[in-house]
Peer 1: 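My questions will all concern the structure given below.
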Amino acid sequence: MNILLLGSGGREHALAYSMSLSPQCDKLYIAPGNAGTAKLGMNLKVQPSDFDSVARACILYDIHLLVVGPEAPLVDGIRDNLLAREELSKLAIFGPGASGAILEGSKDYSKAFMQRHNIPTASYNTFDAATYEEGRAYIMSKHLPIVLKADGLAAGKGVVICHNHADAVQHYDDMLLHKAFGEASSRVVIEEFLTGIEMSVFVLYDGKDYRILPEAKDYKKIGEGDQGPNTGGMGAVSPVSFHDETLQQHIEETIIKPTINGLTAENIDYRGVIFIGLIIEKGIAKVIEYNCRFGDPETEIILPRIDSDVAELLWATATGNLAQCNLSISSKASAGVVVVSGGYPGDYEKGITIEGMEGIQWDSTRIYHAGTKAMDNITVSNGGRVLVAVSLADTLAGALQKSYASLENIHFDGMY
Ligand code: AMP
Ligand code: GLY
């Protein structure tokens with residue numbers, strides 16, 4: 001089959017690499033891709049948000065499977081838009097329709113969904129301009145810390161944890177009155193603060209059957225020892241040390257099955273991955289958020305543990321055939337280290353030459369491109385997160401050590 005993958009990050013390089021290993025994959029296209037994906041298939045100058053151009057590419061390149069990497073096109077209804085075109089009505093699409101993607105696209109919607117289906121999560125209330133005063137009173141009446149979330153997509157920046165009431169009211173005003181996140185903060189979810197340890201689960205769901213992929217834990221703080229400001233993710237590990245059979249069963253019974261049953265009960269068209277962010281305390285899991293796409297960098301870390309054919313898994317998910325797929329997961333540990341531009345997550349420069357990338361052998365270590373661009377014959381940085389080194393080993397410590405060692409010969413100015 002011919003596959004078109006939308007996106008340009010480390011997640012997409014990882015998906016492109018795993019799919020390219022499949023005997024089922026004939027031609028692979030990535031739009032717009034990066035310098036890493038260019039070595040695995042053909043990068044197309046098409047933006048995922050431009051549905052007409054994506055549709056034209058699907059026809060021109062005779063695409064059988066479209067895999068949508070990032071959330072924005074899903075939330076904007078790329079699945080519904082493409083499938084409504086007669087010439088694409090048979091296209092298999094990995095990624096939910098707008099009615100499913102709204103689980104990520106609106107925090108208020110996802111909280112109400114969890115409430116309707118008895119899925120454990122933090123208690124909350126949602127406010128908008130019309131209920132502004134009630135929101136202030138609600139904040140003042142709550143224990144600290146308290147969590148404020150912009151309702152809509154805010155590129156991972158729409159959540160603030162406030163440790164005093166004045167601060168919370170200030171953020172509330174910024175979001176609601178001063179539109180700190182534009183339309184995305186025209187509604188604000190105010191939520192109870194949960195304590196515990198975070199981890200993520202990834203569930204492939206084809207509309208009937210589901211498969212649970214390896215779990216992961218990502219580390220978002222910029223500094224060594226989990227210190228400093230939040231980033232898009234500085235690394236991740238899989239498996240997660242405290243995750244065992246008992247916890248897996250608990251998560252499946254209290255969260256995964258009720259989520260799937262909720263999607264079915266509400267006739268939501270969901271064929272893709274449900275990425276569930278969890279907080280675990282004393283063996284009890286609660287949902288922090290749903291995402292309608294794979295995590296980044298979690299995908300880079302979990303894919304090396306999947307021994308099954310990834311292109312086949314995504315195809316089966318998109319076409320409702322997961323029941324026939326076998327999922328084989330390696331018992332090895334995977335650890336990924338993200339290399340970022342100097343200054344990130346604040347301001348940083350792009351276009352800096354990356355040296356030492358030539359001749360890297362991919363065996364049990366993979367160096368994925370996250371934010372890179374090919375210029376003539378050189379690779380330059382093109383984002384905050386630039387590379388992700390991921391290794392498999394018998395132990396987590398071994399995998400981490402291999403990932404750091406693999407970066408020793410790679411260099412660019414400001415590399416961190
Ligand atoms: P989200 O965008 O919803 O994943 O939130 C971003 C981060 O904020 C999460 O990964 C958590 O670390 C933190 N967070 C969100 N909601 C809560 C909550 N109710 N209690 C504690 N931490 C939270
Ligand atoms: N690493 C978190 C995310 O992809 O949302």
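Indexing begins at 1, ligand by ligand and atom by atom, following the structure's order. Computed from a prediction, not measured in an experiment: that's the story for all the values here.
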Peer 1: Below 4.0 Å, non-hydrogen atoms only: which portion of Glu198 touches ligand 1? Side chain, backbone, both or neither.
Peer 2: side chain
Peer 1: Are Ser330 and Asp307 close enough, and set up right, to give a side chain to side chain donor-acceptor pair (under 3.5 Å), and what steps lead you there?
Peer 2: CA-CA 6 Å; Ser330 158; Asp307 290 331; 4.7 Å; no
Peer 1: Heavy-atom contacts with Arg293 under 4.0 Å: which atoms of ligand 2 show up? List them by number with element.
Peer 2: 3 (C), 4 (O), 5 (O)
Peer 1: With a heavy-atom distance limit of 4.0 Å, tell me whether Val147 approaches ligand 1 through its side chain, its backbone, both, or neither.
Peer 2: side chain
Peer 1: Do the numbers put Lys221 on top of the ring of Tyr219, so that NZ or CZ is under 6.0 Å from the six-membered ring centre and no more than 45° off the axis?
Peer 2: no
Peer 1: Look at ligand 2 and say whether Phe275 reaches it with a heavy atom at a distance under 4.0 Å.
Peer 2: yes
Peer 1: Honestly, is Arg385 close enough over Tyr348, meaning NZ or CZ under 6.0 Å from the six-membered ring centre and within 45° of the axis?
Peer 2: no
Peer 1: Taking 4.0 Å as the limit for heavy-atom contacts, which would you say applies to Glu104 with ligand 2: side chain only, backbone only, both, or neither?
Peer 2: neither
Peer 1: By number and element, which atoms of ligand 2 are closer than 4.0 Å to a non-hydrogen atom of Gly295?
Peer 2: 4 (O)
Peer 1: Provide the number and element of each atom of ligand 1 under 4.0 Å from a heavy atom of Lys149.
Peer 2: 3 (O), 15 (C), 16 (N)
Peer 1: Within ligand 2, which atoms have a heavy atom of Glu298 less than 4.0 Å away?
Peer 2: 1 (N), 2 (C), 4 (O)
Peer 1: Report yes or no: does a heavy atom of Ser200 sit under 4.0 Å from some atom of ligand 2?
Peer 2: no
Peer 1: For Asn321 and Thr319, does a side-chain donor sit closer than 3.5 Å to a side-chain acceptor?
Peer 2: yes
Peer 1: How close does the nearest protein non-hydrogen atom get to atom 7 (C) of ligand 1, and which residue and atom is it?
Peer 2: Val159 CG1, 4.5 Å
Peer 1: Got the closest protein heavy atom to atom 23 (C) of ligand 1, with its distance?
Peer 2: Ile288 CD1, 4.0 Å
Peer 1: Just to confirm my output: which protein heavy-atom neighbour is closest to atom 19 (N) of ligand 1, and how far is it?
Peer 2: Glu191 OE2, 2.6 Å
Peer 1: Under the criterion side chain to side chain contact (heavy atoms under 4.5 Å, CB included), which of Ile367, Val339, Val386 is the partner of Ile410?
Peer 2: Ile367
Peer 1: Of all the non-hydrogen atoms in the protein, which one sits nearest to atom 20 (N) of ligand 1, and at what distance?
Peer 2: Leu194 N, 2.8 Å
Peer 1: Carefully, step by step, assess Ile119 and Phe113 under the rule side chain to side chain contact (heavy atoms under 4.5 Å, CB included).
Peer 2: CA-CA 8 Å; Ile119 297 164; Phe113 175 89; 4.0 Å; yes
Peer 1: May I ask you to identify the nearest protein heavy atom to atom 13 (C) of ligand 1, giving residue, atom name and distance to one decimal place in Å?
Peer 2: Ile161 CD1, 4.1 Å
Peer 1: Less than 3.5 Å between some nitrogen or oxygen of Lys220 and one of ligand 2, yes or no?
Peer 2: no
Peer 1: What atoms in ligand 1 come closer than 4.0 Å to a heavy atom of Lys220?
Peer 2: 10 (O)
Peer 1: Would you mind checking which non-hydrogen protein atom is closest to atom 1 (P) of ligand 1, with the distance to 0.1 Å?
Peer 2: Glu289 OE1, 3.5 Å
Peer 1: What do you reckon, does Arg11 put a non-hydrogen atom under 4.0 Å from ligand 2?
Peer 2: no
Peer 1: Is the closest side-chain donor-acceptor distance between Thr131 and Asp128 under 3.5 Å?
Peer 2: yes
Peer 1: Kindly determine whether Ser238 and Arg305 satisfy side chain to side chain donor-acceptor pair (under 3.5 Å), including the steps that lead there.
Peer 2: CA-CA 8 Å; Ser238 177; Arg305 291 192 61 214; 2.8 Å; yes
Peer 1: Say whether Asp151 and Ser106, considering side chains only, have a donor N or O and an acceptor N or O under 3.5 Å apart.
Peer 2: yes
Peer 1: Looking at Gly232, which atoms of ligand 2 are within less than 4.0 Å of one of its heavy atoms?
Peer 2: 1 (N)
Peer 1: Does Tyr205 form a ring pair (Phe, Tyr, Trp, His ring centres under 6.0 Å) with Tyr210? I'd like the steps, not just the answer.
Peer 2: CA-CA 4 Å; Tyr205 180 50; Tyr210 67 87; 7.3 Å; no
Peer 1: Is a side-chain donor-acceptor pair under 3.5 Å present for Tyr290 with Thr259?
Peer 2: yes
Peer 1: What heavy-atom pair brings Pro96 and Leu74 nearest, and what distance separates the two atoms?
Peer 2: O-CD2, 3.5 Å
